[in-house]
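The structure under discussion appears below in the form of structure tokens.
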Amino acid sequence: MKDRIVVKIGSQLLTRKDETLDITQMSDIVDQIAELHKNNTEIILVSSGAVASGKNEFKIHSKLDSISARQLYSSVGQVKLIHRYYDLFNQHGILCGQILATKEDFSTRRHYLNQRNCMNIMLENHVIPIVNENDAISVNELMFTDNDELSGLIAAMMDCKKLIILSNIDGIYTGDPSDPESKLIKEIDSSSDSVEDYIQSKRSTTGRGGMKTKYNIARKVAEEGIEVIIANGRIKNIISRLVNGVDTPSTRFIPASKEISGVKKWIAHSEGFAKGEIHINEGVRKALLNFKAVSILPVGVTRIVGNFENDDIVRIIDHTGKQIGIGRSSYSSEKAKEILGQANNKPIIHYDYLYIEK
């Protein structure tokens, strides 16, 4: 089986200080991906840059609200961006294809599988998928946090071996990266609880995300059995070096040894579509966190919150009010309330449709 990886490129890597596209940088990225492609590595490229690319085309004197500005700039900028990618890949004799995604495209299992099928067909026909959020129609609650979230979802959906998130710094530091006393954290595993204390919440000037978002997404994806690396996209041959295991400044998230099913991966990334909450008692919480194959039975449920139908996504809340997981309900909220606390009923959430956060 071919190695399959997702490479996420941020806006700050693709634009110059004057907010025009950095063609030299784009060309360098494409050269590296083309080389890997020719060596039978399947690459999915998640590329930001549409809004920043389009903004430079306008000299608007009247003030636009943030949503209108993003829609206008991205609609023009995405054309420029994909046209440039097409030309650059074409120079290597490689076809690329565009996929513009919205959060709604992943809201149901059917939509999710349709997206996966589309990318599989492209990869089977040696086409490199270039994915970006459809900023022209994604607004507010329909938006991803940023393309880091989108890249993590795609890495899980496509059963990728590795997710590479390229930023403008080397990775996660023990303090402000500009501080000489700060040290690069080279590896993070599931027991590295203190790392969050170091994370800078500052966002990039051209994108929506920051290192905190990257950390949260990387941690979740690594828990799903996928290696995640955050690195500096301006290091020469950075993608090739990381794929080939060359020692390079970066932060690597060690993947969990036990992979989870495709359905659980979808559920893990579906929190934004949750329609309600299932509150559980302390005994159920302990059983779930012991990583046993445990379903949530009505007898262990103390409260139902929200209005939902069977097969809807719901949050799992423990007795202290903390969210510990996400699942797909086997009952509507109305029916679940009727059997609350009762024994001898089928699970409200079956183990196969339950994702517990570590």
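From a predicted model like this one, the values you see are computed outputs, not experimental measurements.
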**Request:** Applying side-chain hydrogen bond (donor to acceptor under 3.5 Å, both in side chains), run through E181 and Y173 and close with a yes or a no.
**Result:** CA-CA 10 Å; E181 298 296 316; Y173 284 79; over 6 Å; no
**Asked** Yes or no on side-chain hydrogen bond (donor to acceptor under 3.5 Å, both in side chains) for N39 and T41, after CA distance, side-chain angles and deciding distance?
**Response** CA-CA 6 Å; N39 288 323; T41 298; over 6 Å; no
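- Between the side chain of R315 and the backbone N or O of I278 there is no donor-acceptor pair closer than 3.5 Å.
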**Check against salt bridge (charged side-chain N to carboxylate O under 4.0 Å, His left out), K38 and E35** = CA-CA 5 Å; K38 290 173 182 177; E35 185 64 28; 5.9 Å; no
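- The pair R328-D312 fails the salt-bridge criterion, with no side-chain N (NZ, NE, NH1 or NH2) lying under 4.0 Å from an Asp/Glu carboxylate O.
- Shown here for Q12 and S167, the closest heavy-atom pair between the two residues is NE2-OG, 3.6 Å.
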**Message:** Checking I128 against H37 for the side chain to side chain contact (heavy atoms under 4.5 Å, CB included) test, could you report, in this order, the C-alpha distance in whole Å, the side-chain angles of both residues, the deciding distance, and whether it holds?
**Reply:** CA-CA 8 Å; I128 293 178; H37 177 83; 3.8 Å; yes
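- A salt bridge links E57 with K80: the distance from a Lys NZ or Arg NE/NH1/NH2 to an Asp or Glu carboxylate oxygen falls below 4.0 Å.
- A distance of 14.5 Å separates CZ in R303 from CG in N281, rounded to the nearest 0.5 Å.
- Ionic pairing of K162 and D3 is not present here: no N-O contact between side-chain nitrogen and carboxylate oxygen is shorter than 4.0 angstrom.
- Within 6.0 Å of the CG atom in D247, the count of heavy atoms belonging to other residues, nucleotides or ligands does not exceed 12.
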Expected list for residues 84-91: side-chain donor-acceptor pairs under 3.5 angstrom, two or more places apart:
unit_1: Y85; atom_1: OH; unit_2: S47; atom_2: OG; d: 2.8
unit_1: D87; atom_1: OD2; unit_2: H83; atom_2: NE2; d: 3.3

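- Note: the hydrophobic cluster containing L100 does not contain M158 (ILVMFWY, side chain heavy atoms under 4.5 Å, direct or indirect links).
- Salt bridge annotation for E227-K161: absent, with no cationic side-chain nitrogen under 4.0 angstrom from a carboxylate oxygen.
- Look at R285 and E282 and you find no salt bridge, because none of the NZ, NE, NH1 or NH2 atoms lies under 4.0 Å from a carboxylate O.
- Atom CG of D22 and atom CZ of R16 lie 4.5 Å apart (nearest 0.5 Å).
- When all heavy atoms are compared, the tightest approach of L354 to V294 is CD2-O, 3.5 Å.
- Distance alone, capped at 3.5 Å, is enough to place a donor-acceptor pair between the S333 side chain and the F308 backbone.
- If you take OG on S53 and OH on Y73, they are separated by 12.5 Å, rounding to the nearest 0.5 Å.
- Taking the side chain as every heavy atom from C-beta outward, V131 and M119 approach each other to under 4.5 Å.
- Rounded to the nearest 0.5 angstrom, K8 NZ and N132 CG are separated by 9.5 Å.
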**CA sep, side-chain torsions, deciding dist, call: D148, T213, side-chain hydrogen bond (donor to acceptor under 3.5 Å, both in side chains)** = CA-CA 7 Å; D148 296 319; T213 303; 5.5 Å; no
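- Taking the centre and axis of the six-membered ring of Y331, the NZ or CZ atom of K346 falls inside the cone set by 45° and 6.0 Å.
- When all heavy atoms of A52 and T15 are compared, the pair lying nearest together is CB-CG2, 3.6 Å.
- Between E224 and K264 there is no salt bridge, since no side-chain nitrogen of the basic residue lies less than 4.0 Å from a carboxylate oxygen of the acidic one.
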**Request:** Could you go through the salt bridge (charged side-chain N to carboxylate O under 4.0 Å, His left out) check for D159 and K265 one step at a time?
**Result:** CA-CA 9 Å; D159 294 324; K265 286 179 181 178; 3.1 Å; yes
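- Y112 and F106 have perpendicular rings, their planes meeting at more than 60° on a 0 to 90° scale where under 30° would count as parallel.
- Shown are I230, I188, V228; of these, the side-chain contact (heavy atoms from CB on, under 4.5 Å) with Y215 is made only by I188.
- Taking all atoms of both residues into account, the shortest heavy-atom contact from N345 to P298 is CB-CG, 3.8 Å.
- Taking both residues in full, the closest heavy atoms of L81 and A50 are given as CD2-N, 3.9 Å, listed atom of the first, atom of the second, then distance.
- Taking every heavy atom of both residues into account, D318 and T320 meet most closely at OD1-OG1, 2.7 Å.
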